[in-house]
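Below is one structure, written out as structure tokens; the observations come after it.
By convention in this document, chain letters (A, B, ...) are assigned in the order of the sequence lines, proteins followed by strands, and residues within each chain are numbered from 1.
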2 protein chains.
Amino acid sequence: MRTRPAQVKIPPRIEGLIRVTRRLPMADRILAAADRLFYRKGIRAVGVDAVAAEAGISKRSLYDTFPSKEALVAAYLRQRIRPLPPSDAPPAQQVLALFDQLHARFAAGDFRGCPFVNAVTELAEDCKTARAIAADYKEQRRRHIAALLARAGAGEPEALSGHIALLLEGAIVSMLIRNDPAGALQARDAAAILMQAAGALPR
Amino acid sequence: MRTRPAQVKIPPRIEGLIRVTRRLPMADRILAAADRLFYRKGIRAVGVDAVAAEAGISKRSLYDTFPSKEALVAAYLRQRIRPLPPSDAPPAQQVLALFDQLHARFAAGDFRGCPFVNAVTELAEDCKTARAIAADYKEQRRRHIAALLARAGAGEPEALSGHIALLLEGAIVSMLIRNDPAGALQARDAAAILMQAAGALPR
DNA sequence: TGCATTCCACACAGATCGGTGTGGAAAAGC
DNA sequence: GCTTTTCCACACCGATCTGTGTGGAATGCA
């Protein structure tokens, strides 16, 4: 996590297309390893040596692919942003299903919280990039919820989506501390009450 | 954070009362310094040298007072547990006031999340102690809220207190990521709706 | 004054951290 | 075949980490 003297070493041949394609699996292997370790053990707790070992490559190759650990962490976070799969269920049910999905992830056993929040917490003072990625992701998800709520006929979908998002975050933290998947269902109950009060759910 | 070979070095004189009293300010100075640094920069990011320097003492004295960094971290967390001040306001207002207090802390500018949650996140795999302390604290707070809600006439104070607690956690995370104190007020709005639906607030 | 206790300054151990330099083996393209 | 590119094994750098050992200065108490 030191300063970075700008390397990356441009290949002699100008056309990098083939080269990039060739290099992709390498970057993917590293990212997959980083994802496992960073998420499970924490970013600060995992050194680059451990990532390289987990990926089955040398540290040298890691540093030929990513210029620094900081860049690797940023790539790890960006790769964690995945769009929500589309669904043709009723919008209100889709919102409630978010809590059920959370519950399933809790019950899976390897839950370690939200990777974005964890990164911001761990990196503390030097987390500008992580914070930006995290804020982007959270806002994108909230908008998605707001759109669903609007279709469901909620009175103030913007405000309600914020409330729902708060409950989702709260459920994650609750699971982290209490290690009890039931928190997701409590949050679902609260969400249902709020949605009902906002007219987004038949009473 | 290595293994700890059990020192503490019993003083020759058996009567430790005077000694303990004398040593208390030392432990307090260390804890105050640790609190500042651990909370602001994170536990893993702060070395014992930094704590000693912040406390204005030598590293040797720190290790004469606390046997290891792990013990210091545990003391830091335990010291963060403070009882909520009693109030003679109406119980429902006391619950809503929790969100206002959170909002005030957000606006103060030095907010860095919940120290217990942060500790569990940072320590990841070796966080048994931290998790236990955190769970204790959260449960104690939830009980306090449940008692208030029962006095306020809520239908199911236990369930509602869980919902309120989720909103408080969510507000903290939201502030951490978005850096916008308004999240506390959003959470307050949601809490008010839930309390109204549960009959704990006049409509 | 003499004695006991605190405490510090300093040096050090052993480990791990992020990051680099190098020489050569393996593999791919021609 | 040869050349170019990838990749690895390995050694190394300086910094920082937790934790210890030690001798002596300051301090409090009699």
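At least one side-chain heavy atom of B:Met195 sits under 4.5 Å from a side-chain heavy atom of B:Ile164. Contact annotation: the side chain of B:Asp180 never approaches that of B:Met175 to less than 4.5 Å [non-hydrogen atoms, C-beta and beyond]. Side chains of B:Leu166 and A:Glu169 form no contact here, defined as non-hydrogen atoms less than 4.5 Å apart.
Per the geometry, NZ belonging to B:Lys41 stands 12 Å off P belonging to D:dC17, to the nearest Å. Distance OH (A:Tyr63) to P (D:dC13): 18 Å, rounded to an integer number of Å. Between the CG atom of A:Leu62 and the P atom of D:dC10 there is a distance of 18 Å, rounded to whole Å. In this structure, A:Phe66 places its CZ atom 13 Å from P of D:dC7, rounding to the nearest Å. Put simply, CZ on B:Arg44 is 12 Å from P on C:dG18, counting in whole angstrom units. Across the protein-nucleic acid pair, B:Asp64 atom CG and D:dG21 atom C1' stand 11 Å apart, rounded to whole Å. Regarding B:Leu72, its CG atom lies at a distance of 14 Å from the P atom of D:dC17, rounded to whole Å. What separates CZ of A:Phe38 from P of C:dG18 is a distance of 8 Å, to the nearest Å.
In this structure, of D:dA9, D:dT18, D:dG21, it is D:dA9 that holds the atom nearest to the side chain of A:Ser58. If you check C:dG18, C:dT22, D:dT20 against the side chain of B:Arg60, the one that comes closest is D:dT20. For A:Lys69, counting side-chain heavy atoms from C-beta on, the closest listed nucleotide (C:dG18, C:dC7, D:dT18) is C:dG18. Closest contact between the side chain of A:Asp49 and the listed nucleotides D:dC8, D:dT18, C:dG18 involves C:dG18.
At a threshold of 4.0 angstrom between heavy atoms, the contacts of B:Val46 are confined to the sugar-phosphate backbone, with no base atom among them.
No hydrogens or angles were tested; on distance alone, a donor-acceptor pair under 3.5 Å links the side chain of A:Lys59 to the base of C:dG19.
Minimum interatomic distance between A:Phe38 and A:Val73 (heavy atoms only, all atoms of both residues): CE1-CG2, 4.0 Å.
Checked by atom type and distance alone, the side chain of A:Tyr39 pairs as donor or acceptor with a backbone atom of A:Gly113 at under 3.5 Å.
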